Amino acid sequence: MKKKIWISLLFVVLAILAVVAVFYFTSTCVPLGEVKLCYEGTEVVLTSTEASLMRSIFSFKIYNGGIGGCPYEEDISISFGNTVYAIATDDCYTAKEWQSGRCFEFNPVEFEAIAAMFAKYFGDTPID
């Protein structure tokens, strides 16, 4: 009887680990480091409050296979340390991790917060 309990417990633990691994490897993990906005060759380092907001928006986004037709430019991006996320420039509320090419979506409120941050520092941008 104890053997069946241990085997059942082992399967439960393995199932939990599998779910955690799938979530971890298919979602964004925002790296530490400075948070910068980049637009047309100009970079701005965000304040700690602004950086916290951007980290909360970008954390735990689920990558999808790519969002067809959305234009991205590395020159319109947010970087967390060495990881660059290009922001779509056609109102499709998405970002692309520049190094890997993987994409994810924002909800309208998140996208508006990102657009407001670009507007604050750069005025009129393609993501307004």
Side-chain angles (χ1 to χ4, degrees):
M1 186 59 128
K2 285 185 179 181
K3 187 175 181 179
K4 287 184 181 182
I5 292 173
W6 281 108
I7 290 173
S8 297
L9 183 61
L10 177 64
F11 281 120
V12 169
V13 169
L14 289 174
I16 291 170
L17 289 175
V19 168
V20 168
V22 166
F23 181 74
Y24 180 79
F25 288 112
T26 61
S27 66
T28 59
C29 292
V30 179
L32 297 176
E34 285 185 325
V35 180
K36 294 186 253 179
L37 297 182
C38 176
Y39 180 63
E40 295 183 341
T42 302
E43 289 186 344
V44 174
V45 177
L46 299 182
T47 67
S48 61
T49 304
E50 294 167 338
S52 293
L53 173 63
M54 290 299 112
R55 284 185 194 289
S56 68
I57 290 172
F58 278 74
S59 292
F60 303 112
K61 293 293 182 193
I62 305 298
Y63 288 111
N64 57 30
I67 297 148
C70 295
Y72 300 99
E73 298 176 29
E74 188 176 16
D75 210 23
I76 303 172
S77 61
I78 298 176
S79 62
F80 299 86
N82 294 326
T83 304
V84 176
Y85 296 97
I87 308 301
T89 58
D90 69 347
D91 293 329
C92 65
Y93 297 179
T94 61
K96 174 172 114 176
E97 185 179 349
W98 197 255
Q99 293 87 337
S100 71
R102 298 183 302 172
C103 300
F104 55 87
E105 297 180 76
F106 302 107
N107 66 44
V109 173
E110 293 169 331
F111 192 80
E112 288 303 319
I114 294 167
M117 196 69 63
F118 272 88
K120 174 182 177 181
Y121 286 104
F122 304 113
D124 193 29
T125 67
I127 65 167
D128 283 353

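Side-chain atoms are counted along with the backbone in the values below, which use heavy atoms only and exclude waters and symmetry mates. Just so you know, these numbers come straight off a predicted model, no measurement behind them.
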K.L.:
Output the distance between atom NZ (Lys96) and atom CZ (Phe104), rounded to the nearest 0.5 Å.
P.N.:
12.0 Å

K.L.:
Do Tyr93 and Glu105 have side-chain heavy atoms sitting under 4.5 Å apart?
P.N.:
no

K.L.:
In the structure I gave you, are the side-chain heavy atoms of Glu43 and Leu37 within less than 4.5 Å of one another anywhere?
P.N.:
no

K.L.:
Distance check, rounded to the nearest 0.5 Å: Ile78 atom CD1 versus Lys36 atom NZ?
P.N.:
13.0 Å

K.L.:
Are Phe106 and Phe58 an aromatic pair by the rule of ring centers under 6.0 Å?
P.N.:
yes

K.L.:
Got a second to check how far Trp98's CH2 is from Cys38's SG, nearest 0.5 Å?
P.N.:
11.0 Å

K.L.:
Provide the closest heavy-atom pair for Val35 versus Phe80 in the form atom of the first, atom of the second, distance.
P.N.:
CG2-CD2, 3.5 Å

K.L.:
For the atom pair CD (Glu34) and CG (Leu46), what is the distance rounded to the nearest 0.5 Å?
P.N.:
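Output value for this atom pair is 9.5 Å.
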
K.L.:
In Å and rounded to the nearest 0.5 Å, what is the CZ to CD1 distance from Phe60 to Ile62?
P.N.:
9.5 Å

K.L.:
For Val84, is there any backbone N or O sitting under 3.5 Å from a side-chain donor or acceptor partner on Gln99?
P.N.:
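Yes; at least one donor-acceptor contact below 3.5 Å.
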
K.L.:
Could you give the distance from CD (Glu112) to CG (Asn107), rounded to the nearest 0.5 Å?
P.N.:
10.0 Å

K.L.:
I'd like to know if the side chain of Asp75 and the backbone of Gly41 have a donor-acceptor N/O pair within less than 3.5 Å.
P.N.:
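Side chain of Asp75 to backbone of Gly41, a donor-acceptor pair under 3.5 Å: yes, one is there.
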
K.L.:
Are Thr89 and Ile76 packed together at the side-chain level, in the sense that at least one heavy-atom pair is separated by less than 4.5 angstrom?
P.N.:
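Result yes, sub-4.5 Å side-chain heavy-atom pair found.
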
K.L.:
Any side-chain donor-acceptor pair under 3.5 Å between Tyr72 and Thr94?
P.N.:
yes

K.L.:
Please assess Phe111 against Ile57 for the test side chain to side chain contact (heavy atoms under 4.5 Å, CB included), listing each intermediate value before the final yes or no.
P.N.:
CA-CA 9 Å; Phe111 192 80; Ile57 290 172; over 6 Å; no

K.L.:
Could you tell me whether Lys61 and Glu110 have a side-chain N and a carboxylate O separated by less than 4.0 Å?
P.N.:
yes

K.L.:
With a 3.5 Å cut-off and no angle check, do the side chains of Tyr121 and Glu50 form a donor-acceptor pair?
P.N.:
yes

K.L.:
Would you please test Cys103 and Cys70 for disulfide bond (SG atoms under 2.5 Å apart) and show each step?
P.N.:
CA-CA 10 Å; Cys103 300; Cys70 295; over 6 Å; no

K.L.:
Quick check: closest heavy atoms across Ser56 and Leu53, and the distance to 0.1 Å?
P.N.:
OG-O, 2.7 Å

